[in-house]
**Student:** 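Please see the structure below; I have some questions.
Each ligand, and each atom within it, is numbered from 1 in the order the structure gives. Numbers for residues simply follow the sequence, beginning at 1.
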Amino acid sequence: MSSAHDDENGQRAKGRGVLVTGASRGIGRAVAAAFAERGDRVAVHHRDSAGQARELAGELPGTGHAVVQADLADPGEVRRMVDAAAEALGGIDVLVNNAGIFLSHPVTEVGYEEWQDHWRRTLDVNLIGPANVTWCAIRHMPAGGRIVNVSSRGAYRGEPDGPAYGASKAGLNAFAQSLAVALAPHGIAVASVAPGFVETDMTGEHLKAPGGDAIRAQSPFGRVARAAEIAAAVVYLASPEAEWASGAVLDLNGASYLR
Ligand code: NAD
């Protein structure tokens with residue numbers, strides 16, 4: 001699972017090649033930083049945040065990092081992006097399917113057109129996107145590797161205002177478990193994390209709003225997760241030691257929802 005790669009100065013950079021989707025902010029940014037801190041080279045994927053992605057890649061410790069771009073809802077862009085990441089990293093050892101969207105569409109409130117549009121967009125980014133990224137990435141993992149999907153507590157607890165989101169993450173869990181079996185003979189372990197509320201750009205407004213205290217009270221710890229806590233678990237599941245966690249979905253929700 002380890003590889004080496006010549007950086008632009010011709011020096012051998014050690015560590016693994018790690019592709020993190022949606023890495024310009026939030027959990028993905030923390031995940032990119034956690035891998036770089038342990039000596040890995042990271043391909044920072046973004047959709048339309050080139051400035052933020054370049055800034056992060058420049059700030060990450062170590063060398064050999066790259067920035068790659070794609071709309072994950074576009075299969076052609078996905079293939080080009082994954083190939084570019086593999087080229088820049090000298091292969092892919094670890095894929096983190098992190099990018100995702102949450103669209104609010106309560107079933108009793110939205111019109112039929114909006115309902116369909118939100119389902120399609122959510123599944124395109126949260127489920128079919130990672131499926132396509134994975135198809136492309138494993139072709140750059142001839143010596144084995146690790147795949148970690150960022151799922152959600154909502155896959156189990158339900159998402160009354162975003163049913164497509166909950167279903168997309170439940171689908172992502174099932175996808176990961178299918179691939180854990182299919183890819184084990186190829187030395188690739190596949191696992192997932194299922195966070196509850198995490199303080200990020202995606203949730204910042206909710207946490208500041210009057211309902212913020214109620215969100216924090218969901219956990220008996222009286223707080224939400226920090227992105228770095230999710231990143232630490234992703235790094236573990238991507239480690240050589242975590243092969244036996246293949247197929248697992250790790251709850252990271254501060255005991256806010258037990259299953
Ligand atoms: P975020 O909105 O800060 O980051 C999501 C990233 O995905 C962004 O970089 C965004 O550009 C990218 N993205 C969205 N649509 C894309 C597309 N079409 N193509 C390419 N990239 C796209 O959110 P976050 O909170 O950091 O969430 C990261 C992951 O964690 C998501 O999968 C989310 O569902 C999951 N998650 C988050 C929380 C939470 O409370 N923040 C809880 C559980 C799970």
**Student:** Side-chain contact, heavy-atom cut-off 4.5 Å: R146 with L237?
**Tutor:** no
**Student:** One thing to verify: whether E59 and R29 come together as a salt bridge, which I'm taking to mean a side-chain N less than 4.0 angstrom from a carboxylate O.
**Tutor:** yes
**Student:** Test the R153-Y257 pair against the cation-pi criterion, namely NZ or CZ under 6.0 angstrom from the six-membered ring centroid and within 45° of the ring axis.
**Tutor:**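 The answer is no, since R153 fails at least one limit relative to Y257.
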**Student:** Could you tell me the separation between the CG atom of L60 and the CD atom of E55, rounded to the nearest 0.5 Å?
**Tutor:**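 Atom-to-atom, L60:CG and E55:CD are 11.0 Å apart.
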**Student:** Under 4.5 Å between any side-chain heavy atoms of R157 and R259, yes or no?
**Tutor:** no
**Student:** Hey, does G129 sit under 4.0 Å from ligand 1 if you only count heavy atoms?
**Tutor:** no
**Student:** At under 4.0 Å between heavy atoms, which part of D71 makes contact with ligand 1: side chain, backbone, both or neither?
**Tutor:**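 Looking at D71 and ligand 1, atoms from backbone and side chain both fall under 4.0 Å.
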**Student:** With heavy atoms under 4.0 Å as the rule, classify the contact between A70 and ligand 1 as side chain, backbone, both or neither.
**Tutor:** backbone
**Student:** Please report which non-hydrogen protein atom sits nearest to atom 11 (O) of ligand 1, along with the residue it belongs to and the distance in Å to one decimal place.
**Tutor:** R47 NH2, 4.3 Å
**Student:** Against heavy atoms of S24, which atoms of ligand 1 measure under 4.0 Å?
**Tutor:** 9 (O)
**Student:** Can S49 be said to touch ligand 1, with heavy atoms closer than 4.0 Å?
**Tutor:** no
**Student:** Checking contacts here: is it the side chain or the backbone of H46 that comes within 4.0 Å of ligand 1, counting heavy atoms only? Could be both or neither.
**Tutor:**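 Within the 4.0 Å criterion, H46 makes no contact with ligand 1.
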**Student:** Do any heavy atoms of R29 fall under 4.0 Å from ligand 1?
**Tutor:**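 Checking ligand 1 against R29, which is what was asked, there is no heavy-atom contact under 4.0 Å.
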**Student:** Taking all non-hydrogen atoms of both residues into account, name the closest pair between P130 and V125 and its distance.
**Tutor:**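 What the structure gives for the nearest pair is CD-O, 3.1 Å.
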**Student:** Distance under 4.0 Å to a non-hydrogen atom of T203: what atoms of ligand 1 satisfy this?
**Tutor:** 39 (C), 40 (O), 41 (N)
**Student:** Where the closest heavy atom to atom 38 (C) of ligand 1 is concerned, which of G100, G196, A227 has it?
**Tutor:**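 Shortest heavy-atom distance from atom 38 (C) of ligand 1: G196.
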**Student:** Quick test: of every protein heavy atom, which one is nearest to atom 12 (C) of ligand 1, and how far off is it to 0.1 Å?
**Tutor:** A99 CB, 3.8 Å
**Student:** Quick test: of every protein heavy atom, which one is nearest to atom 40 (O) of ligand 1, and how far off is it to 0.1 Å?
**Tutor:**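 It is V198 N, 2.7 Å.
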**Student:** How far is atom 34 (O) of ligand 1 from the closest protein heavy atom, and which atom is that?
**Tutor:** Y165 OH, 2.6 Å
**Student:** Name the one of I138, N149, I147 that satisfies side chain to side chain contact (heavy atoms under 4.5 Å, CB included) with L95?
**Tutor:** I147
**Student:** Would you compute the distance between atom NE2 of H105 and atom CD of Q116 and round it to the nearest 0.5 angstrom?
**Tutor:** 12.0 Å
**Student:** Identify, for atom 15 (N) of ligand 1, the protein heavy atom at the shortest distance, and state residue, atom and that distance.
**Tutor:**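 In this structure, atom 15 (N) of ligand 1 has I101 CG2, 3.4 Å as its nearest protein heavy atom.
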**Student:** Should H45 be listed as contacting ligand 1, given a heavy-atom distance under 4.0 Å as the test?
**Tutor:**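 The answer is yes: ligand 1 sits under 4.0 Å from a heavy atom of H45.
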**Student:** Starting from atom 43 (C) of ligand 1, what is the nearest protein heavy atom, named by residue and atom, and what distance separates them?
**Tutor:** P195 O, 3.2 Å
**Student:** Transitively linked via ILVMFWY side-chain contacts under 4.5 Å: V82 with V18?
**Tutor:**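 No, no single cluster joins them.
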**Student:** Drop me the distance from F102's CZ to E159's CD, to the nearest 0.5 angstrom.
**Tutor:** 5.0 Å
**Student:** To which protein heavy atom is atom 29 (C) of ligand 1 closest, and what is the distance rounded to 0.1 Å?
**Tutor:** N98 O, 3.0 Å
**Student:** So that I can tick it off, tell me whether R120 and D124 are bridged by a salt bridge, with the cut-off set at under 4.0 angstrom between side-chain N and carboxylate O.
**Tutor:** no
**Student:** I'd like to know if I101 and I27 are part of one continuous hydrophobic network [Ile/Leu/Val/Met/Phe/Trp/Tyr, side-chain heavy atoms within less than 4.5 Å].
**Tutor:**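 Different clusters: I27 never reaches I101 through Ile, Leu, Val, Met, Phe, Trp or Tyr contacts under 4.5 Å.
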**Student:** Within the 4.5 Å heavy-atom criterion, are I92 and R139 side-chain neighbours or not?
**Tutor:** no
**Student:** May I ask you to identify the nearest protein heavy atom to atom 26 (O) of ligand 1, giving residue, atom name and distance to one decimal place in Å?
**Tutor:**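 For this ligand atom, the closest protein heavy atom is I27 N, 2.8 Å.
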**Student:** Which ligand 1 atoms does S152 reach within 4.0 Å, using its non-hydrogen atoms?
**Tutor:**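 It comes down to these atoms of ligand 1: 43 (C), 44 (C).
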**Student:** Would the number of heavy atoms belonging to other residues, nucleotides or ligands and lying under 6.0 Å from CD of Q69 be above 12?
**Tutor:** yes
**Student:** I need the atoms of ligand 1 closer than 4.0 Å to a non-hydrogen atom of G26, numbered in the order shown.
**Tutor:** 3 (O), 26 (O)
**Student:** Please compare T200, V150, V31 and report which has the shortest non-hydrogen distance to atom 24 (P) of ligand 1.
**Tutor:**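 It is T200 that holds the nearest heavy atom.
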**Student:** If we set the cut-off at 4.0 Å for heavy atoms, which region of A194 has an atom near ligand 1: side chain, backbone, both, or neither?
**Tutor:** neither
**Student:** Quick one: CD on E241 to OH on Y236, what's the gap to the nearest 0.5 Å?
**Tutor:** 8.0 Å
**Student:** With atoms numbered from 1 as shown, which atoms in ligand 1 lie under 4.0 angstrom from a non-hydrogen atom of F197?
**Tutor:**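 Listed by number with element: 40 (O).
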**Student:** Applying a strict 4.0 Å limit to heavy atoms, is R25 in contact with ligand 1?
**Tutor:**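 The answer is yes, since R25 has a heavy atom less than 4.0 Å from ligand 1.
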**Student:** Where on L72 is there a heavy atom closer than 4.0 Å to ligand 1, on the side chain, on the backbone, on both, or on neither?
**Tutor:** both
